[in-house]
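Only one structure is covered here, and it is reproduced in the block below.
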Amino acid sequence: MALTGRDLVSILDFSNDEITLVLDTAEQMAQAIGWEESAERQSLAPLDRILATLFFEPSTRTRMSFESAMLRLGGSVISMADARASSAAKGETLADAARIVSGYCDIIVCRHPENGSAQAFAQAASVPVINAGDGHNEHPTQALTDLFCLRRHKGALEGLRVGLCGDLKHGRTAHSLAPALARFGCELTFIAPDILCMPYEVTEQVQALGADPEVTEDLAGALDGLDVLYMTRIQQERFEDPAEYEKYRGVYVLGEKLMKKAPENMLVLHPLPRVDEIAPEIDDDPRAVYFEQARGGVPVRMALIALLLGIVEETRSGKQSGLVEP
Ligand code: NCD
């Protein structure tokens, strides 16, 4: 089950056992960086590895948590402040950029507005490539972060009843999370306006993985029986017609009224950023775990980087570098 040297383009590139390995390793990383009050925070030895981040689209959480993760592992980060202002603006192809950047680092994290760009990048690169979002296709490391949060709260992923709500057409986090949940045996409900429904290919994929998703437009009606509600933003930038966006913004707003109707133990997750689909009035509800979910991006990405670089054993034993006893 070696992940060393592999790419992560689609969440289904990893088997359930490999996903479980990432989540287990992320638990160790969380301990090592002092998440648990009782745990001793370990000090970092320098790690002779470089991570490059190439973001051709805006990002706060994904990029910063990747950079924070590499620094916490003791490694270094190089980053293009704005990849759109790079040689891409001069017409350099993604494949050429991948070859060049491979010579400057040991692992690449890439976000790009085109579907399939991560695959093209990974094919040309000679170091592991992690897809940090390719158009509206996939965002597998967000799915790993979501699964980490779910497993911490619910103990196991198997059999969870999960509602995914919002812009399921353009929401790449949902496109990665739904197949992963299906393969872990979760029951899925897709909650979206008809025009923003889950793409046919993703629905077909989750069905092939054994799920039989319910489909509805009615958030209030779908709450009953859910263990998890995964809210997503209406993706303004991916609408061709701004008037169409205006029609659907604010279509779902999760506030106190709906939370009163929701099951007592129904977790609320959101990949963030939120716009208006979750009212701040529920932020203090113990079921609202989206900020904690975002925080988990660091140990999850530490685990992923360490596994793809093949340095987990070293970081565990403190032999080479990375996480060592003080
Ligand atoms: C998501 C994305 O970029 O797809 N953000 C993130 O990485 N957490 C979700 C979004 O932008 O709505």
Side-chain angles (χ1 to χ4, degrees), residues 8-11 26 51 53-70 79 82-84 108-118 121 129-150 162-181 190-193 196-199 202 228-239 245 248-254 267-278 288-302 304-305:
L8 176 60
V9 172
S10 163
I11 191 69
L51 171 104
T53 58
L54 264 88
F55 280 67
F56 296 85
E57 268 192 350
S59 170
T60 307
R61 273 151 294 274
T62 306
R63 177 163 151 195
M64 290 190 75
S65 62
F66 261 115
E67 296 187 356
S68 168
M70 190 54 168
S79 176
D82 179 2
R84 285 165 296 182
I108 298 172
V109 180
C110 172
R111 169 174 287 187
H112 192 277
E114 268 168 45
N115 293 356
S117 51
F121 208 85
V129 169
I130 300 173
N131 178 8
D134 60 329
H136 49 82
N137 183 39
E138 277 217 44
H139 191 348
T141 68
Q142 181 63 49
L144 291 172
T145 303
D146 303 337
L147 296 173
F148 181 67
C149 179
L150 284 182
V162 184
L164 292 101
C165 174
D167 186 350
L168 303 184
K169 178 180 177 192
H170 303 113
R172 58 191 173 196
T173 67
H175 301 167
S176 289
L177 182 60
L181 292 172
F190 296 156
I191 309 155
L196 299 179
C197 70
M198 191 63 101
V202 181
V228 179
L229 176 62
Y230 187 86
M231 293 295 290
T232 63
R233 169 177 77 89
I234 308 291
Q235 307 257 312
Q236 178 174 15
E237 69 279 22
R238 304 203 194 276
F239 278 75
Y245 169 70
Y248 290 101
R249 64 180 292 185
V251 58
Y252 298 117
V253 180
L254 185 67
L267 296 178
V268 181
L269 276 75
H270 191 308
L272 302 176
R274 68 172 153 188
V275 184
D276 48 15
E277 60 282 357
I278 295 183
V289 294
Y290 29 87
F291 292 121
E292 181 198 319
Q293 177 192 354
R295 188 167 166 248
V298 173
V300 167
R301 291 176 170 114
M302 287 175 77
L304 183 63
I305 295 166

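Whatever order the structure lists them in is the order used to number ligands and atoms, beginning at 1.
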Quiz item: Using 30° and 60° as the class limits, which term best fits the ring planes of H170 and F239: parallel, tilted or perpendicular?
Solution: tilted
Quiz prompt | Element-labelled atoms of ligand 1 that are located less than 4.0 Å from some non-hydrogen atom of R111 | solution = 3 (O), 7 (O)
Quiz item: Looking at atom 5 (N) of ligand 1, what's its closest protein heavy atom, distance included?
Solution: L272 O, 3.1 Å
Quiz item: For atom 4 (O) of ligand 1, what is the nearest protein heavy atom, given as residue, atom name and distance?
Solution: R172 NE, 2.8 Å
Practice problem: Any atoms of ligand 1 less than 4.0 Å from a non-hydrogen atom of P271? List them with their elements. | Solution: 8 (N)
Quiz item: Which of the atoms in ligand 1, numbered in the order shown and given with their element, are less than 4.0 Å from a heavy-atom of Q235?
Solution: 10 (C), 11 (O), 12 (O)
Quiz item: Near H139, which atoms of ligand 1 are under 4.0 Å from a heavy atom of that residue?
Solution: 2 (C), 4 (O), 6 (C), 7 (O)
Quiz prompt | Salt bridge R172-E114, side-chain N to carboxylate O under 4.0 Å | solution = no
Quiz item: Do you see a donor-acceptor pair shorter than 3.5 Å between the side chains of R61 and T145?
Solution: no
Quiz item: Who's the nearest protein heavy-atom neighbour of atom 11 (O) of ligand 1, and how far?
Solution: R233 NH2, 2.9 Å
Practice problem: Would you please say whether a donor-acceptor pair under 3.5 Å links the side chains of D146 and Q293? | Solution: yes
Quiz item: Between T62 and ligand 1, is there a nitrogen or oxygen pair with a distance under 3.5 Å?
Solution: yes
Practice problem: Would you mind telling me if ligand 1 is within reach of the side chain of T232, the backbone, both or neither, using heavy atoms under 4.0 Å? | Solution: neither
Exercise. Side-chain contact test, heavy atoms from C-beta onward, threshold under 4.5 Å: evaluate it for L269 versus L229 and give yes or no.
Key: no
Practice problem: Evaluate side chain to side chain donor-acceptor pair (under 3.5 Å) for E67 paired with T53, printing each intermediate quantity in order. | Solution: CA-CA 8 Å; E67 296 187 356; T53 58; 3.0 Å; yes
Quiz item: For ligand 1, is there an atom lying under 4.0 Å from some heavy atom of E57?
Solution: no
Quiz item: Below 4.5 Å, heavy atoms only, C-beta onward: do R233 and E277 meet side chain to side chain?
Solution: yes
